[in-house]
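In what follows, every heavy atom counts, from backbone to side chain, and hydrogens, waters and symmetry copies are set aside. By convention in this document, chain letters (A, B, ...) are assigned in the order of the sequence lines, proteins followed by strands, and residues within each chain are numbered from 1.
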There are 2 protein chains.
Amino acid sequence: MGRTAGRSPEETRRALLAAAAEAIRVRGIHASLDEIARFAGVSKGGLIYHFASKDELITALVRTELAAFQAAIDAELDPADTAPGRLTRAYIRAVLSGTDDEARESLALITQLMTLPAVAEVARADAERIDAALAADGLPEDVLALVVAAADGISSAPLWGGSTNTPADRRVAERLLHLTRHPQWWESLPWPPSQAGS
Amino acid sequence: MGRTAGRSPEETRRALLAAAAEAIRVRGIHASLDEIARFAGVSKGGLIYHFASKDELITALVRTELAAFQAAIDAELDPADTAPGRLTRAYIRAVLSGTDDEARESLALITQLMTLPAVAEVARADAERIDAALAADGLPEDVLALVVAAADGISSAPLWGGSTNTPADRRVAERLLHLTRHPQWWESLPWPPSQAGS
DNA sequence: GTCTATAGATAGATAGAC
DNA sequence: GTCTATCTATCTATAGAC
């Protein structure tokens, strides 16, 4: 009964969101409100006071995660870098930053959340926004497509049970960064004009 | 009551597995047995006759999906191609084959199934097996890492709500295939020996 | 602001009829 | 070989005490 000693409503909300993220990572999207609430140190009734429904809790969690990813990109933007591809470089660094465990946890959470159609739609719109920004970053279309695909591929390895941030990954990432500085090099790849097969 | 007209046990099993795949794609890993059974045209009791528990159904479904992916790689192996990187080329083609919708559906199912720890472990072992085979495919390590990462990245786009098999994707894929034929080209990328930044 | 108690819905699984 | 009926467990959400 009574308030948990000296915790503001905002702190309680944050604790509930963190608990929801953790519970959903571990137990899946159907982690119960009871479980989440207990994890945050409040009762189920207490959770419902802050988030009127499970849907409202999930929606708030998604907004938090998408904002965190955008913040990670912003944090990697180098003010001294004004050359074409600066956003793409920040994207590569943001996608590949963090430890292997962090990447795995983040991906586990996202895949769980994407289960819900409403969440998938919000995420799609956000991805489209980022893609549009990258497309306006000044790199040739094909180089951008390769670099972003490779970065996404490295970061999605935990999906299939693999690791990120292996030495091989870091070598690839550095070459990708280098490639954004010298895009004409990729376009100089000798290309058989009209030939089937590879 | 009695049997559904002229369907063999094997056909019923296949129908149940297909129904489970569809239901889990659409409704998530917590799709009910009742729903899956109805989708396959049998009762929940009928399903339980063929698969003693939900766990047994899911396990069989995972084995089916992993076998289908391996079969897709095998189908893309070119008997006339005996050069180093032949398996990697088959992998690229297998990962990027199929329609955009098929890729999206397959990924949606896999991410749902990976929710379960037992499934994740089986998938991890399978991914490790494929990685080992690719590592023995005769390509330089760094080229293999780039090519596989890019292919995985393209195919994982639906995860974030994007599309696969866009014209840009196909152009990248063709250059990746070409790269496996001329790996020394990637390694010739001018490389600043010891320099921070990109 | 957080709690208890409980309603109402739905899940997986069993038993046994046909 | 497939079905109906039912048990038990667990979930979200509400009502209202403190």
- Task: Could you pull out all residues at least two apart from A:Asp126 that satisfy side-chain hydrogen bond (donor to acceptor under 3.5 Å, both in side chains)?
- Result: A:Arg129
- Which nucleotide, C:dC3, D:dG1, D:dT2, lies nearest any side-chain atom of B:His50? D:dT2
- residues 55-67 of chain A vs side-chain hydrogen bond (donor to acceptor under 3.5 Å, both in side chains), sequence neighbours excluded, gives none
- Could you state the CD-C1' distance from B:Glu11 to D:dT2, rounded to the nearest angstrom? 16 Å
Side-chain polar contacts of residues 12-28 of chain B - donor-acceptor pairs under 3.5 angstrom, sequence neighbours left out - could you list them?
{"unit_1": "B:Thr12", "atom_1": "OG1", "unit_2": "B:Arg7", "atom_2": "NE", "d": "3.4"}
{"unit_1": "B:Thr12", "atom_1": "OG1", "unit_2": "B:Ser8", "atom_2": "O", "d": "3.1"}
{"unit_1": "B:Arg27", "atom_1": "NH1", "unit_2": "B:Glu35", "atom_2": "OE2", "d": "2.7"}

- Message: According to side-chain hydrogen bond (donor to acceptor under 3.5 Å, both in side chains), who are the partners of A:Asp101, at least two apart in sequence or on a separate chain?
- Response: none
- Query: Quick one: side-chain hydrogen bond (donor to acceptor under 3.5 Å, both in side chains) partners of A:Glu128, sequence neighbours excluded?
  - Reply: A:Arg124
- Query: Can you find a side chain N or O atom of B:Thr12 that sits less than 4.0 Å from OP1 or OP2 on D:dT2?
  - Reply: yes
- Taking atom P of D:dT12 as reference, at what distance in whole Å does atom CG of A:Leu116 sit? 12 Å
- Message: In this structure, is the centre-to-centre distance between the rings of A:Trp185 and B:Trp185 below 6.0 Å?
- Response: yes
- Atom CZ of A:Phe51 to atom P of C:dG1: distance rounded to whole Å? 14 Å
- If a protein heavy atom is under 4.0 Å from the base, mark B; if only from the sugar-phosphate, S; if neither, -; do that for nucleotides 11-16 of chain C going 5' to 3'. SBBB--
- Query: Of all the choices, C:dG1, D:dT2, D:dC3, which nucleotide is nearest to the side chain of B:Tyr49 once you look at every atom?
  - Reply: D:dT2
